[in-house]
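Residue numbers begin at 1 in each chain, while the letters A, B, ... track the order of the sequences.
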Amino acid sequence: MLQISCPYCGARAEIEFRCGGQAHLERPGPHDQVSDRQWAEYLFYRDNPKGVSLERWVHRFGCRQWFNVARSTLTHEILAVYGMGEQPPQLEGTKR
Amino acid sequence: MSKLERMSPLGRGISATAYSSEFVSLRQQTFFGVAKVIVRKSDLLGSPELEALLGVRAPQMANTVVQGSGVEIAWAAPNQWLLLGDEAEVARICAAAQTAFRDETALVLQLTHAYAVFQIEKTGARDVLASLCPLDLHPRAFAPGRCAQSLLGDAGVFIQQCNEAPSFRLMVDQTYAGYAWRLLSEACKSLSSS
Ligand SMILES: [Zn+2]
């Protein structure tokens, strides 16, 4: 089991959290100028990195707050925890 | 037709249900008041009117509880607190808080009937909880004055350590009352027979 550091509650067991998928997705717009391809990219296509994955997590059974996590998909090591709306820290192996 | 009676979430009338052995005691706490306060600005709970009402400033440190006058105030999330105490006292403070917050963006929500509340005590209490909950309950990590929201089996739970005995207060959604009671009482029995 992973131990995840909630920015508010500190280190807690993974089962208290839920993963909300890839972080930093931005809804394209204005909506009437967005192509089908752009919508499909936004709605359906996700990165599948071997290395650093930037993800949203929520402390579902704790304080119920959302935050971002940088996690290695190779080692499951959590490399960084940062707030919603914040940019990810510079990490080796981050695709961006 | 039988007359209407107030039921506990365990459905056995309002008489408290209890288990007790040499190592651990468990009981349901009835007539316990709970309310949630959510504010836009965190300094709102430090306003003089409300501080006078609560008797204390709401805790700013995550997962801590302070004793006010009549109620305890527990941190639940950023800008969110739980008021815990005697049912009538919580209701009185809620009514007064609604007046105090009249010109502010705040939510004061009575949750007394939403929760089932249990008290677990004695030397084995920590072991029983550790078998059902992923929190670190070692005294160096969890002590009187600390609280946390976590899991009890598959149900969300609010846990608070009340004293050194140790005594813990547990609150689960009232729909999970029977589930939580079964988990806790079976864990208490197996601890006592091992
Ligand atoms: Zn948290």
Side-chain angles (χ1 to χ4, degrees), chain A residues 1-27 29 46 52-91 94, chain B residues 36-40 42 45 58-65 73-82 107 109 111 114-115 129-138 140-143 145-161 170-173 175-176 179-180 183:
Chain A
M1 193 191 293
L2 296 177
Q3 206 175 48
I4 300 175
S5 276
C6 168
Y8 306 97
C9 305
R12 295 287 187 91
E14 181 185 355
I15 53 171
E16 290 185 8
F17 298 85
R18 291 290 179 268
C19 183
Q22 188 180 331
H24 307 296
L25 294 175
E26 246 174 71
R27 186 189 170 102
R46 295 293 179 261
V52 180
S53 171
L54 303 175
E55 299 163 344
R56 299 181 304 166
W57 285 74
V58 60
H59 196 185
R60 169 72 179 77
F61 290 98
C63 63
R64 302 191 177 119
Q65 305 298 301
W66 285 90
F67 55 94
N68 290 311
V69 165
R71 180 179 65 88
S72 167
T73 57
L74 275 174
T75 63
H76 286 307
E77 187 186 353
I78 291 179
L79 304 159
V81 173
Y82 54 102
M84 295 305 282
E86 286 176 25
Q87 285 307 302
Q90 288 299 319
L91 294 164
T94 312
Chain B
K36 183 176 260 189
V37 178
I38 305 177
V39 298
R40 269 281 172 78
S42 58
L45 277 196
Q60 300 299 303
M61 198 199 286
N63 297 301
T64 59
V65 187
I73 302 112
W75 184 97
N79 295 355
Q80 290 185 29
W81 291 267
L82 292 172
L107 178 69
L109 200 58
L111 297 170
Y115 285 110
L129 291 178
S131 72
L132 300 169
C133 169
L135 281 177
D136 181 0
L137 295 168
H138 190 281
R140 80 176 159 237
F142 207 80
R146 292 291 310 270
C147 66
Q149 293 164 94
S150 185
L151 283 161
L152 187 79
D154 290 324
V157 69
F158 170 89
I159 298 187
Q160 173 193 354
Q161 187 169 348
L170 309 174
M171 306 199 310
V172 297
D173 282 355
T175 49
Y176 287 110
Y179 170 77
L183 281 183

*Can you list every pair that meets salt bridge (Lys or Arg N to Asp or Glu O under 4.0 Å) and has a residue in residues 72-91 of chain A, with sequence neighbours left out?*
none
*What part of B:A148 is in contact with chain A, defined as an atom under 4.5 angstrom from a non-hydrogen atom: side chain, backbone, both or neither?*
both
Is there any N or O donor on one of chain A and chain B with an acceptor on the other under 3.5 Å, and could you list each such pair with its distance?
unit_1, atom_1, unit_2, atom_2, d
A:R12, NH1, B:Q149, O, 2.9
A:E16, OE2, B:S150, OG, 2.5
A:F61, O, B:S150, N, 3.2
A:G62, O, B:Q149, NE2, 3.4

*asked:* Test your reading of the model: is there a side-chain donor-acceptor pair from A:R56 to the backbone of A:A23, 3.5 Å cut-off?
replied: no
_Pairs of heavy atoms under 4.5 Å with chain A: top-ranked of B:P78, B:A62, B:A141, B:G156_ = B:P78
_Minimum heavy-atom separation for B:V172 and B:L152, please, with both atom names._
CG1-CD2, 4.3 Å
*Heavy atoms, side chains only, cut-off 4.5 Å: are B:I73 and B:L82 in contact?*
no
*Would you say A:P88 and A:N68 make side-chain contact, with heavy atoms under 4.5 Å?*
no
*Distance-minimising heavy-atom pair for A:A70 and A:Y82*: N-CE2, 4.3 Å
*Atom CG of A:L91 and atom CG of A:L54: how far apart are they, to the nearest 0.5 Å?*
7.5 Å
